[in-house]
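First the structure, in the form of structure tokens, and then the observations on it.
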Amino acid sequence: MNKKILITGGAGFIGSHVLHLMVPKYPDYQFVNLDALTYAGNLENLKAIEHLPNYQFVKGDITDADFINNLFEKEAFDGVIHLAAESHVDRSILSPMDFIFTNIVGTVNLLNAAKKTWSGQFEGKRFYLVSTDEVYGTLGKTGLFTEETPYDPRSPYSASKASADHLVRAYWHTYHMPVILSNCSNNYGSYQFPEKLLPLAINNIKHNKTIPIYGDGKYTRDWLWVKDHAEAIDLIYHEGKTAETYNIGGHNEWQNIDLIHLLCEIMDEKLDRPKGSSAKLITFVKDRAGHDRRYAIDASKIKRELGWQPSLQFAEGLRKTVDWYLDNEQWLENVTSGNYKSYYNQQYAERT
Ligand code: NAD
Ligand code: TYD
């Protein structure tokens, strides 16, 4: 029997990569991409696959329970890969309620609709929540997040994602809903909205604008190429064990300031500017409130049980990423027109 899969948030950064991978790979499946097209969602991200016969786009908001119930009744999905979210920590500090509605209420709306349509017939069904390593809180100089690390979210974003994780697990324990989860580290690559560190810095360097570095710049993140995350999501959806959680990471820790220096070297070379010119744009600004010091993932479970590991060396991935943003000038211009400017001014005006 053919499968019908709902992908939420497919017009965003990671969701579009999941669709790029899975739609051509599984021609016997039907994919429905449900996305509200917030500032972060962009159908331009899906140009390469939108013509395929097993792909369909539906515009809709996961916070609208009636709409979600009707969609599930009409489409009778076999599976859900849930990525739709408000995803930016700085925006969650400015405006927490959007995160509560989309990340928590929206997730429960999807769980309820799946529970109702599947009504206890769970054979062949799966509800997959794509989550983040930020639910685990922050690390000191050593140690890694494992699947057993207790939750300790510290921003409105991570607290809302942690709530969604708990609710998904609660639907397994209470209703036997066949759920699965993954918690991934920071992604980088094409189609990432330029509010996140790397595309923001690439865009600013290109336009000779300052690169804002929060606090002392010694905050550490574990960076993973987004296409490797998409591969992991496909694998977990198909081969992961029900009710389990898989941590996904790049074994690739960088302090922000070192990462930005590496980026500056690559940008000087690609833009044919004198060595050191991009680094002159680095500007230390006021720190993020409640800034988590270090994230790092122990991804040994997914390697051991499902055979996944990152495919790409970071230096190569970063170069590919820079090339993509420089080659896709129109995409960058389109997403940074309009509301981007007012967000940028609000976010960075008081920091410098
Ligand atoms: P993104 O912000 O780029 O995309 C989110 C998408 O969700 C957008 O297309 C947006 O239009 C859509 N959306 C937002 N609110 C919606 C609503 N109410 N109804 C329907 N659609 C809505 O995010 P991303 O970086 O692609 O992240 C995708 C998922 O992966 C999120 O759940 C995020 O928490 C998780 N994650 C992200 C990272 C990362 O580094 N970006 C790392 C780990 C986990
Ligand atoms: P970000 O890309 O927002 O991801 P997250 O907060 O989910 O890890 O930020 C990555 C790191 O870069 C984080 O330590 C905050 C820092 N940062 C800056 O120093 N300057 C910036 O302008 C931004 C957006 C982030």
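Numbering of ligands and ligand atoms starts at 1, following listing order.
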CZ of Phe99 to OH of Tyr157, rounded to nearest 0.5 Å, is 8.5 Å
For [atom], grab the closest protein heavy atom and report residue, atom and distance to one decimal in Å.
atom                    : value
atom 21 (N) of ligand 1 : Ala36 N, 3.1 Å
atom 8 (O) of ligand 2  : Arg221 NE, 2.7 Å
atom 7 (O) of ligand 2  : Glu134 OE2, 2.6 Å
atom 25 (C) of ligand 2 : Tyr214 CE1, 3.6 Å
atom 16 (C) of ligand 2 : Asn256 ND2, 3.4 Å
atom 4 (O) of ligand 2  : Asn186 ND2, 3.4 Å
atom 36 (N) of ligand 1 : Ile14 CD1, 3.9 Å
atom 4 (O) of ligand 1  : Gly12 CA, 3.5 Å
atom 20 (N) of ligand 2 : Pro212 O, 2.8 Å
atom 25 (O) of ligand 1 : Phe13 CD2, 3.6 Å
atom 15 (N) of ligand 1 : Thr102 CG2, 3.5 Å
atom 44 (C) of ligand 1 : Ser131 O, 3.1 Å
atom 2 (O) of ligand 1  : Ser87 OG, 2.6 Å
atom 29 (C) of ligand 1 : Leu83 O, 3.2 Å

So, the side chain of Ser342 versus the backbone of Asn339: is there a donor-acceptor pair under 3.5 Å, distance only?
yes
Under 4.0 Å from a heavy atom of [X]: which atoms of ligand 1 are those, numbered in the order shown and with their elements?
X      : result
Asp61  : 17 (C), 18 (N), 19 (N)
Leu37  : 11 (O)
Val130 : 30 (O), 32 (O)
Asn186 : 40 (O)
Ser185 : 42 (C), 43 (C)
Ala84  : 7 (O), 21 (N), 22 (C)

Is there a nitrogen or oxygen of [X] sitting under 3.5 Å from a nitrogen or oxygen of ligand 1?
X      : value
Leu34  : no
Lys161 : yes
Tyr157 : yes
Cys184 : no
His229 : no
Gln192 : no

Axial cation check for Tyr214 ring with Arg288, 6.0 Å and 45° limits:
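Cation-pi check for Arg288 and Tyr214: fails.
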Given the side-chain rings of [X] and [Y], with only the six-membered ring counted for Trp, is the space between their centroids under 6.0 Å?
X      : Y      : answer
Trp118 : Phe77  : no
Tyr219 : Tyr295 : no
Trp172 : Phe127 : no
Tyr343 : Tyr39  : no

Ala11 near ligand 1, heavy-atom distance under 4.0 Å?
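Ala11: in contact with ligand 1 (<4.0 Å).
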Decide whether the shortest distance between a heavy atom of Gly60 and an atom of ligand 1 is less than 4.0 Å.
yes
Sidechain N-carboxylate O distance under 4.0 Å for [X], [Y]:
X      : Y      : result
Lys275 : Glu265 : no
Arg293 : Asp216 : yes
Lys125 : Asp78  : yes
Arg154 : Glu134 : no
Asp323 : Lys270 : yes
Glu148 : Lys301 : no
Arg91  : Glu195 : yes

Within a reach of under 6.0 Å around CZ of Phe101, are more than 12 heavy atoms found that belong to other residues, nucleotides or ligands?
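No, the 6.0 Å shell around CZ holds no more than 12 heavy atoms from other groups.
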Which is closest to [atom] by heavy-atom distance: [options]?
atom                   : options                        : value
atom 5 (C) of ligand 1 : Gly9, Ser158, Gly15, Ala85     : Ala85
atom 6 (O) of ligand 2 : Arg294, His291, Arg288, Arg293 : Arg288
atom 2 (O) of ligand 2 : Leu197, Asn187, Val285         : Leu197

So do the side chains of [X] and [Y] get within less than 4.5 Å of each other, counting heavy atoms only?
X      : Y      : answer
Met267 : Leu326 : yes
Leu6   : Glu75  : no
Tyr151 : His166 : yes

With atoms numbered from 1 as shown, which atoms in ligand 2 lie under 4.0 angstrom from a non-hydrogen atom of [X]?
X      : answer
Val89  : 6 (O), 7 (O)
Tyr219 : 14 (O)
Glu195 : 24 (C)
His88  : 3 (O)
Ile213 : 19 (O)

ring-ring contact (aromatic ring centres under 6.0 Å, His included), that's the test. Do Tyr237 and His82 meet it? Break it down for me.
CA-CA 11 Å; Tyr237 181 78; His82 175 31; over 10 Å; no
With backbone taken as N, CA, C and O and side chain as the heavy atoms from C-beta onward, which portion of Asp133 lies under 4.0 Å from ligand 1: side chain, backbone, both, or neither?
neither
So which bit of His88 gets within less than 4.0 Å of ligand 1, heavy atoms only: side chain, backbone, both or neither?
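Neither part.
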Minimal non-hydrogen separation, Phe145 against Leu139, with atom names
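What the structure gives for the nearest pair is CE2-CG, 3.6 Å.
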Could you check whether any heavy atom of Gln347 sits closer than 4.0 Å to an atom of ligand 2, since that is the contact criterion I want to use?
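Checking ligand 2 against Gln347, which is what was asked, there is no heavy-atom contact under 4.0 Å.
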Test side chain to side chain contact (heavy atoms under 4.5 Å, CB included) applied to Ile81 and Val130, Leu19, Thr8, the passing residue:
Val130
Residue part near ligand 2, for Tyr348, under 4.0 Å between non-hydrogen atoms:
side chain
